[in-house]
Amino acid sequence: MATVRDTTYELLRALGMTTVFGNPGSTEQPFLQDFPADFRYVHALHEASAVAMADGYAQATGRPAHVNLHTAPGTGNGMGNLVTAWHNRTPLIVTAGQQSRTMLLMEPRLAARHPTQLPQPYVKWSHEPVRAQDVPAAVMRAYATAAQPPAGPVFLSLPLDDWEQPADPPPQVRTVATRFAPDPRRLREFAALLAASRNPVLVLGAAVDRAAGWPVAVAVAERLAAPVWSAPAPERAAFPEQHPHYRGVLPFAMAPLAEQLRGHDVVLVVGAPVFRYYPYVPGEHLPDGARLLHVTDDPDEAARAPVGDSLLGDAGLTLAALLDLLPAADRPAPSPRGDPEPPEAGDPPSADALFAALADCWPTEGVLVQESPSNLAALRRRLPVTRPASYFTMASGGLGYGLPAAVGIALAERDTGRDRPVVAVIGDGSFHYSVQALWTAAQLRLPLAVVVPANRQYAILKAFAELKSTPGVPGLELPGLDVTAIAHGYGCAARTVGSLDELPEALERALRADRPTVLPVPVSGEVPRIL
Ligand SMILES: Cc1ncc(C[n+]2csc(CCOP(=O)(O)OP(=O)(O)O)c2C)c(N)n1
């Protein structure tokens with residue numbers, strides 16, 4: 001007779017979810033026992049890494065991923081990156097073991113108290129099945145919930161004595177749509193406002209990339225002869241950044257953001273929140289005379305926008321439908337922005353000079369994963385993202401995502417046969433939050449290159465302290481860290497890049513290697529302004 005375990009594995013197989021990211025414990029062992037040969041367990045040494053690796057893998061494959069965590073403590077360890085997966089809108093099925101139902105009343109060691117509350121509010125659905133026999137159908141429901149828009153993580157708490165129970169007949173393997181089209185009448189209203197606009201502007205967010213919407217975004221921008229901004233602090237790039245219409249990333253504060261949009265009468269925001277602010281710099285949300293139109297697949301994101309009119313719909317489908325309704329604008333196309341000045345020389349070099357050197361040796365198909373807080377503006381200016389699905393970072397602001405996410409992305413590149421080179425740029429502070437991911441990358445023999453701009457400080461927090469006039473904050477210096485030794489300890493190759501002349505060869509070698517390579521690059525301690 002089939003057990004709950006047999007039926008669940010059969011379902012996971014049918015859903016194409018034969019990879020399990022996780023870190024095992026006693027409460028997960030009855031699920032993991034006799035692990036089927038056609039499944040793969042991606043072993044993370046810490047749950048934060050397990051969650052972010054699964055997130056990167058899900059984003060790069062375009063399919064939900066499964067993470068298995070160890071009851072309450074493992075879920076707690078994974079929580080920071082669960083927050084990120086929620087903001088990233090990554091479809092993840094997070095399962096966690098639970099103590100035996102037979103003992104739960106007494107709360108034995110490793111019982112999760114109120115397990116469904118623990119990951120809230122950063123999951124779309126959180127559930128512990130009422131009967132063991134409900135586990136497979138709960139996994140099916142979890143899949144359907146995670147994948148449907150707005151996509152995101154879901155959580156199942158699974159008692160360890162459920163797996164050997166006799167199963168009910170297997171649940172039906174269902175499919176769900178992952179995109180929906182906009183209301184045609186409201187779409188026509190948006191198109192009419194855009195057609196009548198004197199000077200429209202597009203603000204595009206990560207959902208355009210998730211919807212494979214670059215070509216249609218370019219077509220709409222060209223049809224409208226409109227400049228294009230990236231929405232503030234984007235987790236993915238939405239538009240070819242070498243395109244003459246592209247202007248850059250909008251600042252993440254009210255007053256300067258509105259200032260950048262001055263002169264525009266219609267602002268079309270697609271696939272991003274309105275707006276993802278960070279420092280509080282009071283001001284209007286929009287310049288005088290501007291009207292905002294907001295396209296999102298998330299009713300909550302639409303509801304919390306402080307200004308503008310909204311239209312629910314998938315970013316790509318909505319842009320395509322708009323294109324059909326828009327006449328060609330009778331105005332000159334925006335002129336291209338100039339190239340940045342060459343960086344200033346220095347010893348050690350500035351992060352800006354490092355990124356200029358990186359841009360010069362950037363592999364054509366390269367995928368950039370980024371967690372370099374204070375130097376982000378320099379990185380994005382020096383290294384324009386020119387291809388879809390090739391820039392990833394966290395939407396949340398929580399550190400410890402980039403390094404493990406890069407491991408998941410590199411694994412997906414290999415699994416899908418795309419084999420694009422993956423380069424992570426991770427600050428020497430950010431490096432340590434999920435550093436154990438290096439071991440998984442080494443075990444998987446992934447040719448991941450990790451460039452670490454080493455400024456030996458939390459520079460962005462110094463910039464924030466400057467902006468907010470909060471002097472004397474402790475804990476902003478990072479002396480005595482040996483990134484190379486740490487990388488070696490986890491089984492990676494490592495080489496300090498002492499001069500930028502060495503970078504092209506070091507990067508090339510890293511991307512050809514049969515294991516990950518960490519490349520710390522000492523950079524100056526200059527603290528860039530936050531805005
Ligand atoms: C989980 C988490 N802990 C703490 C912070 C606060 N924080 C934001 S940026 C930062 C420093 C990052 O340092 P580094 O990676 O060296 O980049 P730099 O600012 O020096 O460019 C810290 C500690 C955070 N965002 N997330």
Side-chain angles (χ1 to χ4, degrees), residues 46-52 55 75-88 122 232-233 235 249 252-253 276-280 343 348-355 358 368-383 392-406 423-438 450-468 470 473-484 486-487 496 518-531:
H46 185 277
E47 292 82 353
S49 292
V51 173
D55 181 321
T75 303
N77 280 351
M79 201 60 214
N81 278 328
L82 198 59
V83 172
T84 290
W86 166 267
H87 288 288
N88 280 359
Y122 292 103
E235 66 274 29
V249 181
F252 46 17
R276 183 174 287 149
Y277 298 127
Y278 173 39
Y280 178 56
S350 62
D352 188 45
L354 163 61
F355 299 145
L358 187 60
L368 172 64
V369 187
Q370 174 284 121
E371 196 167 293
S372 179
S374 73
N375 298 312
L376 177 57
L379 177 62
R380 301 288 273 117
R381 192 172 55 238
R382 292 290 172 194
L383 196 58
F392 299 90
T393 188
M394 44 58 183
S396 61
L399 300 181
Y401 172 78
L403 187 57
V423 181
V425 175
I426 311 287
D428 60 343
S430 302
F431 183 74
H432 299 281
Y433 288 78
S434 301
V435 67
Q436 303 91 339
L438 288 175
V450 183
V451 176
V452 181
N455 60 7
R456 298 160 306 280
Q457 57 182 337
Y458 290 159
I460 195 167
L461 298 185
K462 293 186 179 177
F464 202 85
E466 176 80 24
L467 179 81
K468 288 286 160 192
T470 54
V473 175
L476 304 187
E477 304 299 334
L478 294 177
L481 284 166
D482 187 340
V483 168
T484 306
I486 291 166
T496 300
V518 178
L519 299 171
V521 187
V523 295
S524 67
E526 193 185 325
V527 176
R529 287 224 311 270
I530 206 162
L531 285 166

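Note: hydrogens, waters and symmetry copies are ignored here, and every other heavy atom, side chains too, is used. Each ligand, and each atom within it, is numbered from 1 in the order the structure gives.
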Ile426 and ligand 1 - part of the residue with a heavy-atom distance under 4.0 Å: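 Under 4.0 Å from ligand 1, Ile426 contributes no heavy atoms.
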Phe431 and ligand 1 - part of the residue with a heavy-atom distance under 4.0 Å: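 Contact part for Phe431 vs ligand 1: neither.
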Protein heavy-atom partner closest to [atom] - residue, atom, separation in Å:
| atom | answer |
| --- | --- |
| atom 11 (C) of ligand 1 | Tyr458 CD2, 3.3 Å |
| atom 3 (N) of ligand 1 | Tyr433 CE2, 3.6 Å |
| atom 25 (N) of ligand 1 | Gly397 O, 2.8 Å |
| atom 14 (P) of ligand 1 | Gly429 N, 3.5 Å |
| atom 17 (O) of ligand 1 | Pro373 CD, 3.3 Å |
| atom 21 (O) of ligand 1 | Ser374 OG, 2.6 Å |

Check against side chain to side chain donor-acceptor pair (under 3.5 Å), Thr393 and Glu235: CA-CA 5 Å; Thr393 188; Glu235 66 274 29; over 6 Å; no
Which atoms of ligand 1 sit under 4.0 Å from any heavy atom of [X]?
| X | answer |
| --- | --- |
| Gly427 | 15 (O), 16 (O) |
| Gly398 | 26 (N) |
| Asn455 | 16 (O), 18 (P), 20 (O), 21 (O) |
| Gln457 | 16 (O), 20 (O) |

Salt bridge (Lys or Arg N to Asp or Glu O under 4.0 Å) between Arg456 and Asp428, intermediate numbers included: CA-CA 7 Å; Arg456 298 160 306 280; Asp428 60 343; 5.8 Å; no
Check against salt bridge (Lys or Arg N to Asp or Glu O under 4.0 Å), Lys462 and Glu477: CA-CA 10 Å; Lys462 293 186 179 177; Glu477 304 299 334; 2.6 Å; yes
Exam field: side chain Asn81 to backbone Ala48, donor-acceptor pair closer than 3.5 Å: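 Checked: pair present.
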Side-chain donor or acceptor of Glu371 paired with backbone N/O of Leu399 under 3.5 Å: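 Here the side-chain-to-backbone pair does not exist.
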Compute the shortest N/O to N/O distance between [X] and ligand 1 and return yes if it is under 3.5 Å, no if not.
| X | answer |
| --- | --- |
| Leu461 | no |
| Ile460 | yes |
| Glu371 | no |
| Ser372 | no |

For atom 5 (C) of ligand 1, the option (of Val452, Leu399, Leu481) bearing the nearest heavy atom: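 Result: the heavy atom closest to atom 5 (C) of ligand 1 is in Leu399.
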side-chain contact (heavy atoms from CB on, under 4.5 Å), paired with Leu354, selected from Pro343, Pro349, Pro453, Ser372: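 Of Pro343, Pro349, Pro453, Ser372, side-chain contact (heavy atoms from CB on, under 4.5 Å) with Leu354 is met by Pro453 alone.
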Parallel, tilted or perpendicular: ring planes of Tyr278 versus Phe252, cut at 30 and 60 degrees: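 Ring orientation of Tyr278 relative to Phe252: perpendicular.
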Parallel, tilted or perpendicular: rings of Trp86 and Tyr122 (30°, 60°):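 The rings of Tyr122 and Trp86 stand perpendicular, inter-plane angle above 60°.
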Closest approach of Ser430 to Pro373 (non-hydrogen atoms, all atoms of both residues):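 Heavy atoms only, the tightest pair is OG-CD, 3.6 Å.
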Nearest non-hydrogen partners of Ser350 and Ser524, listed with the distance: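 Heavy atoms of Ser350 and Ser524 come nearest at CA-OG, 3.6 Å.
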Residues Thr484 and Thr496: side-chain donor-acceptor under 3.5 angstrom: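 Distance-only check passes for Thr484 and Thr496.
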Residues Asn88 and Asp55: side-chain donor-acceptor under 3.5 angstrom: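 A pair is found: one side chain offers a donor N or O, the other an acceptor, under 3.5 Å apart.
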Any Gly80 heavy atom less than 4.0 Å from ligand 1: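 No; Gly80 lies far enough from ligand 1 that no heavy-atom distance drops under 4.0 Å.
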Whether Gly400 lies under 4.0 Å from ligand 1, heavy atom: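 The answer is no: ligand 1 sits nowhere under 4.0 Å from a heavy atom of Gly400.
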